[in-house]
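These values consider heavy atoms only, across backbone and side chains, with no hydrogens, waters or symmetry-generated copies.
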Amino acid sequence: MAAISAPRGTRDILPAESWKWSYIINTASQTMRDFGFSEIHLPIFEHTELFSRGVGETTDIVEKEMYTFEDRGGRSITLRPEATAGVMRAAIENNLCVQGASAKLWNWGPMFRHERPQKGRYRQFYQIDAECLGIAGAGADVEIISLSIEIFRRLGLKNLEVVINSVGCEKCRPVYRQKLIEYFDSHKDELCETCLTRLERNPLRILDCKNPSCGRVADGAPDIYDSLCDECKEHFSEVRAGLERLGFTYTLNKRLVRGLDYYTKTAYEILSGALGAQNAVAGGGRYDNLSSAVGGAKIPGVGFACGLDRVMLVMEEQGCDFGEMPKTDVYVAALDDDARGAAQILTYELRKNKIASACDTAGKSFKAQMKIAGACKFACIIGADEIANNTVSIKDMRDGSQVNISMSDAVEYILGRD
RNA sequence: GUGAGUGUAGCGCAAUUGGUUAGAGCUUCGGAUUGUGGUUCCGGCGGUUGAGGGUUCAAGUCCCUUCACUCACCCCA
């Protein structure tokens, strides 16, 4: 029988890599704390409706990428394809934003989308997610964008590009949408096949098309900034002013539309040239209509999602620092089988004192044990002589020096020496 | 969902125009005069060449099918 493999688009994060992931998450976690965001833990599956209504029926995610199944109670359940809808659901359900209260929340974990895997794209992928709920003003947008930039700054990512846009609100977007439909309708013969269907369902997405012919048509399309209502214009200029005040450089991209329906006003992405075709390490924006789309009271929100898998790729590519790989500090070697018991006792004693230590449990020879100890700071050696005198020989593996001391002094000696 | 490329030991690779028993390196394990690691030397383990079928006297090598991986389209983190 053939061995079972991990499903396509999933992978194991092995010990050689996992500590680097911890470093990224710890760095993000500390940054979140510094920005006043609290961690929230959410379910990994939700009612399918949350996403079909929240993310949008016409989006690619809902139309063809969700892992949806019926549970044993006959409910339609979906593995979360993104985090924002779940955060909003939790805020509504737990009354986090009633009576004018706001909430700054972050979380990280796996997301699921059924797509063909490629560089930087997996079916189970990991995101760090931050959401600021209950604040309509541009200050929140600036806080979110600066937070994502600061995480990358701390991680040491280089050559990032921040791209921003405004996609309007429920008042002005329909007006712009209508203008676009009229414009593209008169250039139908120059559009690709998928854009012809977009014309019906989601004309904004044509702006995003990479087909050269569509691109040329889009170049002449009406400018969204001419259609923005006064409130959206004002909001957008405040966001830009806020970013400039903090000294950030960014580029404007009228074509930045994003594939999720819930975005209003601000949309932004952070791109890295170190990746392949999937070059966004983070993306987000404002979503003032999401709460009502999923059946709650009106709660404005702004947030971002950061692709951990891609951050990892960029950091490896750019040789970023991950700190030190955790390792065992002390190895307790038993010279013969009679000493194994004493070695276990000393190892546990060290561990109780929070000294990372290990001893052999696989029946390895003394020589093999010393080989392993070579990767540690100290080797504690126990043989017949040590047992007879209730002592332990402690060798500093970095300089080769060795002492024989009373067993009861071992912990203190090691703590004092390092 | 579409296209292209790649599958040989745990890992990264080699094997003439199809030609004997598929090879080194790294890793791992063991040893180098009975209690001491990293370097060095010696040795062992390790492969149904992704799987299945076909052509041939002969297939890792050629053909078909299938699976997996990779990259790209699409879309997005």
Side-chain angles (χ1 to χ4, degrees), chain A residues 1-11 14 16 55 59-65 80-84 108-130 148 192-195 197-198 202 205 208-211 256-260 263 267-272 275-284 303-314 331 333-336 338-339 362-387 393-402 404:
Chain A
M1 191 176 75
I4 297 166
S5 61
R8 163 171 272 191
T10 70
R11 67 214 192 288
L14 303 171
V55 176
T59 59
D60 281 0
I61 290 176
V62 172
E63 278 186 340
K64 52 192 190 195
E65 294 172 4
R80 62 181 187 193
E82 58 98 51
T84 306
W108 80 275
M111 307 294 158
F112 306 85
R113 292 183 201 171
H114 189 103
E115 300 178 275
R116 194 76 165 261
Q118 70 183 76
K119 185 171 186 176
R121 190 169 77 180
Y122 307 94
R123 289 183 174 181
Q124 173 172 333
F125 58 104
Y126 297 84
Q127 287 187 338
I128 295 174
D129 191 79
S148 55
C192 71
E193 212 165 299
T194 49
C195 279
T197 65
R198 284 172 178 150
N202 199 341
R205 296 268 295 284
D208 225 6
C209 187
K210 283 160 196 153
N211 181 302
L256 177 64
V257 167
R258 310 187 53 71
L260 286 68
Y263 286 108
Y268 85 103
E269 281 186 355
I270 299 181
L271 311 176
S272 170
L275 291 163
Q278 309 302 322
N279 63 349
V281 287
F304 74 86
C306 159
L308 275 179
D309 314 79
R310 294 181 185 174
V311 169
M312 192 73 209
L313 285 171
V314 175
Y331 195 88
L335 263 156
D336 50 52
D338 292 338
K364 285 183 188 295
S365 68
F366 178 67
K367 192 182 180 72
Q369 292 178 57
M370 285 305 290
K371 211 168 176 180
I372 295 166
C376 302
K377 290 177 184 165
F378 299 98
C380 289
I381 298 159
I382 302 176
D385 295 348
E386 284 81 1
I387 289 172
S393 297
I394 301 182
K395 180 169 184 174
D396 189 320
M397 300 308 273
R398 294 162 298 191
D399 61 20
S401 63
Q402 185 167 325
N404 183 267

Answer with yes or no whether the side chains of D396(A) and S401(A) bring together a donor and an acceptor at under 3.5 Å.
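Checked: S401(A)/D396(A) side chains show no N/O donor-acceptor pair below 3.5 Å.
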P-based separation of G50(B) from C69(B) [nearest Å]:
16 Å
Salt bridge flag under 4.0 Å for residues R123(A) and E115(A):
no
So what does [X] touch, heavy atoms closer than 4.0 Å: a base, only the sugar-phosphate, or nothing?
X       : value
G284(A) : nothing
Y122(A) : base
R11(A)  : nothing

Nearest whole Å is fine: how far is A77(B) C1' from Y268(A) OH?
11 Å
In whole Å, I'd like the distance from the CD atom of E115(A) to the P atom of U70(B).
14 Å
Closest nucleotide of RNA chain B for Q278(A) versus for P117(A): which of these residues is on the 5' side?
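Residue closer to the 5' terminus by nearest nucleotide: P117(A).
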Assign each of G283(A) and L275(A) to its nearest nucleotide of RNA chain B by heavy atoms, then name whichever residue's nucleotide is nearer the 5' end.
L275(A)
Taking the side chain from D60(A) and the backbone from E63(A), do they hold a donor-acceptor pair closer than 3.5 Å?
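Such a contact is absent between D60(A) side chain and E63(A) backbone.
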Short heteroatom pairs, N/O only, protein and nucleotides 9-13 of chain B, under 3.5 Å:
none

How would you summarise protein contacts on nucleotides 27-45 of chain B per nucleotide, using B for base, S for sugar-phosphate only and - for none, with heavy-atom distances below 4.0 Å?
--SS----BBBB-------
Can you tell me if the side-chain N/O atoms of Q118(A) get under 4.0 Å from OP1 or OP2 in A72(B)?
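For A72(B), OP1/OP2 do have a side-chain N/O of Q118(A) under 4.0 Å.
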Does the base of C74(B) carry an N or O that pairs as donor and acceptor with the side chain of R121(A) under 3.5 Å?
yes
Which residue, R11(A), Q124(A), R121(A), forms the side-chain hydrogen bond (donor to acceptor under 3.5 Å, both in side chains) with D309(A)?
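It is R11(A); the other options fail the test.
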